[in-house]
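Beneath this line is the structure, given in C-alpha cells, with notes to follow.
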Amino acid sequence: MLFDTLHAIGFATEKGAELLIHVGMDTVKLEGKFFTAHTETGAQVKKGDLLLEFDMEKIKDAGYDLTTPVIVTNGDELGEILPEGPGKVEPGSKILGIR
C-alpha cells in the first residue's frame, strides 16, 4: 500500500510480516511534495526494488526530521523481531529478522 501523500508505504512479506515504512516525522503534512513513487498499491515487489525517492535536503530545509521508522505492524503474531541496528540502510541490506 502506497499512501496518497507518498510519505509512507506498507507491505506484507511472503512469510506474513506486515511492515510500514514511514519516511520522516510529520511528513504527511508535505502532501507528497519532495517525494516520487516508483511503485503503486497492489504491486508485487522484491528485494532491491526502488519503492520511493525523496529529496532529503528539501525535506530537512522544510523543518522535518528524517528519522524513518520501519514498523512490524503484526509483530505480536510473528514471534521475536530482531533488528539489525540503527543507522543508514543501503539498498538490499537486511534491516530485521523474525525468529
Side-chain angles (χ1 to χ4, degrees):
M1 178 184 160
L2 178 64
F3 286 68
D4 292 340
T5 51
L6 308 180
H7 75 290
I9 190 165
F11 57 94
T13 70
E14 289 178 347
K15 294 185 178 184
E18 296 174 2
L19 303 173
L20 173 67
I21 301 172
H22 191 286
V23 179
M25 299 290 124
D26 292 326
T27 52
V28 65
K29 295 175 183 173
L30 291 170
E31 298 179 344
K33 189 174 181 182
F34 311 129
F35 291 86
T36 303
H38 292 280
T39 190
E40 59 189 28
T41 296
Q44 293 284 324
V45 298
K46 63 185 181 318
K47 181 178 178 178
D49 285 354
L50 179 61
L51 305 176
L52 293 173
E53 285 185 294
F54 49 94
D55 189 319
M56 292 175 64
E57 290 308 313
K58 288 182 180 176
I59 294 170
K60 282 195 272 186
D61 289 347
Y64 294 89
D65 178 350
L66 275 170
T67 300
T68 300
V70 177
I71 302 160
V72 180
T73 59
N74 67 336
D76 56 336
E77 300 169 12
L78 298 174
E80 186 178 7
I81 298 168
L82 307 166
E84 290 293 315
K88 185 175 180 180
V89 176
E90 297 297 330
S93 62
K94 182 178 177 180
I95 60 170
L96 60 86
I98 298 171
R99 179 172 30 181

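Quantities reported herein were computed from a predicted structural model and do not represent experimental measurements. Below, each value reflects all heavy atoms present in this structure, side chains not excepted, and no hydrogens, waters or symmetry copies.
Taking all atoms of both residues into account, the shortest heavy-atom contact from Ala17 to Ile98 is CB-CD1, 3.6 Å. Of all the heavy atoms in Ser93 and Glu90, the pair that sits closest is OG-O, 2.7 Å. In this structure, Ala62 and Phe34 approach most closely via the heavy-atom pair CB-CE1, 4.3 Å. Contact detail for Lys58 and Asp55: the closest heavy-atom pair is N-OD1, 3.0 Å.
Exactly one of Val70, Ile95, Ile71 qualifies for a side-chain contact (heavy atoms from CB on, under 4.5 Å) with Ile21. That residue is Val70.
Under the 4.5 Å side-chain heavy-atom criterion for Ile, Leu, Val, Met, Phe, Trp and Tyr, Leu20 and Val28 are members of distinct hydrophobic clusters. Both Leu51 and Ile59 sit in one connected hydrophobic cluster of ILVMFWY residues. Membership requires side-chain heavy atoms under 4.5 Å apart, directly or through other members. Phe11 and Leu96 fall within the same hydrophobic cluster, defined by Ile, Leu, Val, Met, Phe, Trp and Tyr side-chain heavy atoms under 4.5 Å apart, directly or through other members.
Considering only heavy atoms from C-beta on, Leu2 comes within 4.5 Å of Leu52 through its side chain. The closest side-chain heavy-atom distance from Val23 to Leu66 is below 4.5 Å. Lys29 is listed as a side-chain neighbour of Tyr64, based on a closest heavy-atom distance under 4.5 Å. Inter-residue side-chain proximity for Val72 and Leu19 is flagged as met; some heavy-atom pair is nearer than 4.5 Å.
We find that Lys46 and Asp49 are joined by a salt bridge, their nearest charged nitrogen and carboxylate oxygen being less than 4.0 Å apart.
A donor-acceptor pair under 3.5 Å links the side-chain atoms of Asn74 to the main chain of Glu18, judged by distance alone.
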Next item on the list: Just do the side chain to side chain contact (heavy atoms under 4.5 Å, CB included) check on His7 and Leu30 with the steps written out, would you?
Entry: CA-CA 8 Å; His7 75 290; Leu30 291 170; over 6 Å; no
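Taking a 6.0 Å sphere around CD of Gln44, one finds it holds 12 or fewer heavy atoms contributed by other residues, nucleotides or ligands.
For the atom pair NE2 of His38 and CD1 of Ile9, the computed distance is 11.0 Å after rounding to the nearest 0.5 Å. Separating the CD atom in Glu31 from the CG atom in Asp4 is a distance of 11.0 Å, to the nearest 0.5 Å.
Between Phe54 and Phe35, the ring-plane angle classifies as tilted under the 30° and 60° cut-offs.
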